[in-house]
Participant: 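This is the structure I want to talk about, given as structure tokens.
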Amino acid sequence: MLELRNCDLDNLNSVTKYPSIPTYHSLDPRNGGLLDERVPFAGPVIGTEKVDGTNARIVTLPDGSYLLGSREEFLYAKGDLIGNPALGIVAELRAVADALPVPAADRIEVRFLEVYGGKVTGASKNYTGDRRVGHRLFDAIHLTGYEDLLTQPRPALSEWRESGQQPFLNEEELQKLATADGLTLTPRLFTLDATELPDGLEETQAFLSQHLPQTLSGLDDAAVGTPEGIVLRTPDRSTIAKARFQDYARTLKRKAR
């Protein structure tokens, strides 16, 4: 059974990081705008709100310990007297982690959450006028057979992660986990067939406005309410992409010049 005090924390950090998610329309490496090429989907597609906060994770281990982290680094371990205060992640999620169940002996569990509001990002006013802080679960992995994995060279672990090898829960499993943990998922907006997804840039901008005219993740009545975008994902999470309002507005403005 994995014990935190005997673990290679750098390797554990690597295998439990959240991977990069492609944009629905490809980014132009020359100017950061969007190209006509887009991520292909097939079958049912779930749309969820993309919340503008900071990516955080709770890593629970079978020895009863846990780690809290940002996207890039660990910030706190269960029992620490002092935690890294960066982005308010530890303050927001420590009580959540304390209440989570201990995983089975052969499994590491990782819950990915968006921490938002307060002073987390410049977009916090869209979710709160009173500087409240909140969190939403948006993904999770259950990692078994981790003993051999954690001994691999770090470049191999990075490649494993970024090539989509992390065992993410499917939508049904994620829904059940959220219910069991008492956590709130990022808002589910729709389930559509892939043939109903927009193709062009203008169509996608209109699609975003139609399905998410205002954020559904507000923390108080004083929130401005401007949404960031939508994440598109298949139920098994084999295909996933993000579409942000500002990317389409910036690209179409440039094209109109």
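Keep in mind that this is a model prediction, so the values were computed, not measured.
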Participant: Dump the intermediate steps for side chain to side chain contact (heavy atoms under 4.5 Å, CB included) on Lys255 and Leu201, then the final yes or no.
Facilitator: CA-CA 11 Å; Lys255 285 179 173 288; Leu201 300 178; 3.4 Å; yes
Participant: Can you tell me how far apart OG1 (Thr251) and CG (Asn31) are? Round to the nearest 0.5 Å.
Facilitator: 7.5 Å
Participant: Would Asp220 and Thr128 count as having a side-chain donor-acceptor pair, cut-off 3.5 Å?
Facilitator: yes
Participant: Measure the shortest side-chain to side-chain distance between Asn170 and Glu172 over non-hydrogen atoms and say whether it is less than 4.5 angstrom.
Facilitator: yes
Participant: Between Asp52 and Lys125, is the closest basic N to carboxylate O distance under 4.0 Å?
Facilitator: no
Participant: Before you tell me yes or no, could you show the steps for Tyr66 and Val102 under side chain to side chain contact (heavy atoms under 4.5 Å, CB included), namely the whole-Å CA-CA distance, both residues' side-chain angles and the distance that decides it to 0.1 Å?
Facilitator: CA-CA 9 Å; Tyr66 67 75; Val102 176; over 6 Å; no
Participant: Under 4.5 Å between side-chain heavy atoms, counting indirect links through other Ile/Leu/Val/Met/Phe/Trp/Tyr residues: same cluster for Leu185 and Leu189 or not?
Facilitator: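 No, Leu185 does not connect to Leu189 through the hydrophobic network.
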Participant: Using the rule that Ile, Leu, Val, Met, Phe, Trp and Tyr join whenever any side-chain heavy atoms are under 4.5 Å apart, tell me whether Leu212 and Val231 fall into a single cluster.
Facilitator: no
Participant: Closest heavy-atom contact between Val115 and Leu87?
Facilitator: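 Closest heavy-atom pair between Val115 and Leu87: CG1-O, 4.4 Å.
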Participant: Provide the closest heavy-atom pair for Pro44 versus Pro235 in the form atom of the first, atom of the second, distance.
Facilitator: O-CD, 3.3 Å
Participant: Considering only heavy atoms from C-beta outward, does the side chain of Leu197 approach that of Val45 to under 4.5 Å?
Facilitator: yes
Participant: If I compare all heavy atoms of Leu68 with all of Ala97, which pair ends up nearest, and what's the gap?
Facilitator: CD2-CB, 3.8 Å
Participant: Would you say Leu34 and Tyr248 make side-chain contact, with heavy atoms under 4.5 Å?
Facilitator: yes
Participant: Is the shortest heavy-atom distance from the side chain of Thr48 to the side chain of Ile230 under 4.5 Å?
Facilitator: no
Participant: So which atom in Leu93 and which in Ala56 form the shortest heavy-atom distance, rounded to 0.1 Å?
Facilitator: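 Taking Leu93 first and Ala56 second, the nearest heavy atoms are CD1-CB, 3.7 Å.
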Participant: At what distance, to the nearest 0.5 angstrom, does OG1 of Thr239 lie from CG of Leu232?
Facilitator: 10.5 Å
Participant: Is it the case that atom CZ in Arg131 sees more than 12 heavy atoms from other parts of the structure closer than 6.0 Å?
Facilitator: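 Atom CZ in Arg131 is not packed in, count stays at 12 or less.
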Participant: Return the minimal non-hydrogen interatomic distance between Ser124 and Gly118, and the atom names on each side.
Facilitator: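 Closest pair (atom of Ser124, atom of Gly118, distance): CB-O, 3.3 Å.
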Participant: Is there a donor-acceptor pair under 3.5 Å between the side chain of Glu162 and the backbone N or O of Ser20?
Facilitator: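 Yes, Glu162 side chain to Ser20 backbone: donor-acceptor pair under 3.5 Å.
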Participant: How long is the gap from CZ on Phe74 to CG on Asp80, to the nearest 0.5 Å?
Facilitator: 12.0 Å
Participant: Return yes if some donor-acceptor pair links the side-chain N/O of His25 with the main-chain N/O of Asp247 below 3.5 Å, else return no.
Facilitator: no
Participant: Without swapping roles, check the side chain of Tyr76 against the backbone of Ala91 for a donor-acceptor pair under 3.5 Å.
Facilitator: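 Not confirmed, Tyr76 side chain does not pair with Ala91 backbone.
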Participant: Is there a donor-acceptor contact under 3.5 Å from the side chain of Gln152 to the main chain of Leu149?
Facilitator: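 No, the answer is negative, given that no donor and acceptor are paired below the 3.5 Å cut-off.
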Participant: Should Thr60 and Ile108 be marked as a side chain to side chain contact (heavy atoms under 4.5 Å, CB included) after you check the CA-CA gap, both sets of side-chain angles, and the distance that decides it?
Facilitator: CA-CA 6 Å; Thr60 54; Ile108 297 170; over 6 Å; no
Participant: Checking Arg154 against Asn11 for the side-chain hydrogen bond (donor to acceptor under 3.5 Å, both in side chains) test, could you report, in this order, the C-alpha distance in whole Å, the side-chain angles of both residues, the deciding distance, and whether it holds?
Facilitator: CA-CA 6 Å; Arg154 206 151 308 132; Asn11 279 9; 3.0 Å; yes
Participant: Report yes if some heavy atom in the side chain of Pro22 is under 4.5 Å from a heavy atom in the side chain of Lys242; otherwise report no.
Facilitator: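 Sidechains of Lys242 and Pro22: no contact.
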Participant: Before you tell me yes or no, could you show the steps for Asn126 and Thr215 under side-chain hydrogen bond (donor to acceptor under 3.5 Å, both in side chains), namely the whole-Å CA-CA distance, both residues' side-chain angles and the distance that decides it to 0.1 Å?
Facilitator: CA-CA 8 Å; Asn126 293 323; Thr215 181; over 6 Å; no
Participant: Charged N to carboxylate O under 4.0 angstrom, Arg107 versus Glu109?
Facilitator: yes
Participant: Keeping the roles fixed (side chain from Glu49, backbone from Leu216), state whether a donor-acceptor pair exists under 3.5 Å.
Facilitator: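 A pair under 3.5 Å: yes.
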Participant: Within the 4.5 Å heavy-atom criterion, are Arg244 and Thr23 side-chain neighbours or not?
Facilitator: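 Heavy-atom side-chain distance check passes, below 4.5 Å.
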Participant: Would you call Glu114 and Arg136 a salt bridge, taking side-chain N to carboxylate O under 4.0 Å as the test?
Facilitator: no
Participant: Can you measure from CG (Asp236) to OG1 (Thr234) and round to the nearest 0.5 angstrom?
Facilitator: 4.0 Å
Participant: So does Glu196 have more than 12 non-hydrogen atoms from other groups sitting under 6.0 Å from CD?
Facilitator: yes
Participant: Does a donor on one side chain sit under 3.5 Å from an acceptor on the other, for Arg57 and Thr16?
Facilitator: yes
Participant: Indicate the atoms forming the closest heavy-atom contact of Gly117 with Leu219, along with that distance.
Facilitator: CA-CD1, 4.1 Å
Participant: Do any N or O atoms from the side chain of Arg71 and from the backbone of Pro19 form a donor-acceptor pair under 3.5 angstrom?
Facilitator: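 Confirmed, Arg71 side chain pairs with Pro19 backbone.
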Participant: Taking the six-membered ring for Trp, are Phe138 and Tyr18 closer than 6.0 Å centroid to centroid?
Facilitator: yes
Participant: For Arg188 and Thr186, run side-chain hydrogen bond (donor to acceptor under 3.5 Å, both in side chains): C-alpha distance rounded to whole Å, both residues' side-chain angles, the deciding distance at 0.1 Å, then the answer.
Facilitator: CA-CA 6 Å; Arg188 269 51 192 160; Thr186 48; 2.9 Å; yes
Participant: Do Trp160 and Ile21 belong to the same hydrophobic cluster, where Ile, Leu, Val, Met, Phe, Trp and Tyr are linked whenever their side-chain heavy atoms lie under 4.5 Å apart, directly or via other members?
Facilitator: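 Same cluster.
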Participant: Do side-chain atoms of Arg94 reach the backbone of Glu92 as a donor and acceptor pair under 3.5 angstrom?
Facilitator: no
Participant: Using only heavy-atom distances, determine whether the side chains of Ser65 and Asp63 contain a donor-acceptor pair under 3.5 Å.
Facilitator: yes
Participant: Under a 4.5 Å side-chain heavy-atom rule over Ile, Leu, Val, Met, Phe, Trp and Tyr, are Val90 and Tyr116 clustered together?
Facilitator: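 No, no single cluster joins them.
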Participant: To the nearest 0.5 angstrom, please state how far the CG atom of Leu143 sits from the CD1 atom of Ile141.
Facilitator: 5.5 Å
Participant: Run the ring-centre check on His142 versus Phe168 and record whether the distance is less than 6.0 Å.
Facilitator: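 Ring centroids of His142 and Phe168 are no less than 6.0 Å from each other.
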Participant: Run the ring-centre check on Phe190 versus Phe207 and record whether the distance is less than 6.0 Å.
Facilitator: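 Distance test on ring centres: under 6.0 Å, yes.
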Participant: Quick one: does any side-chain atom of Thr151 pair with a main-chain N or O of Asp148 as donor and acceptor, under 3.5 Å?
Facilitator: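 Yes; judged by distance alone, with no hydrogens or angles, the pair exists.
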Participant: Does Leu174 share a hydrophobic cluster with Val96, counting links as ILVMFWY side-chain heavy atoms below 4.5 Å and allowing steps through other members?
Facilitator: yes
Participant: Mind checking the CD1-CG spacing from Ile89 to Leu113? Nearest 0.5 Å is all I need.
Facilitator: 10.0 Å
Participant: Salt bridge between Lys78 and Asp98, side-chain N to carboxylate O under 4.0 Å?
Facilitator: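 Asp98 and Lys78: not salt-bridged.
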Participant: Sub-3.5 Å donor-acceptor pair from the side chain of Asp130 to the main-chain atoms of Arg132, do we have one?
Facilitator: no
Participant: Just by modelled atom types, is the Pro213 backbone N or O under 3.5 Å from a matching donor or acceptor in the Ser209 side chain?
Facilitator: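 Flag not set: sc Ser209 to bb Pro213 has no pair under 3.5 Å.
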Participant: Do Leu177 and Arg111 come close enough that some side-chain heavy atom pair is under 4.5 Å?
Facilitator: yes
Participant: Just by distance, with hydrogens left out, do Arg38 and Ser26 show a side-chain donor and acceptor under 3.5 Å apart?
Facilitator: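 Side chains of Arg38 and Ser26: no pair found under 3.5 Å.
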Participant: So do Tyr146 and Val15 actually touch side chain to side chain, heavy atoms under 4.5 Å?
Facilitator: no
Participant: Is Lys17 salt-bridged to Glu72, going by a charged N under 4.0 Å from an acidic O?
Facilitator: yes
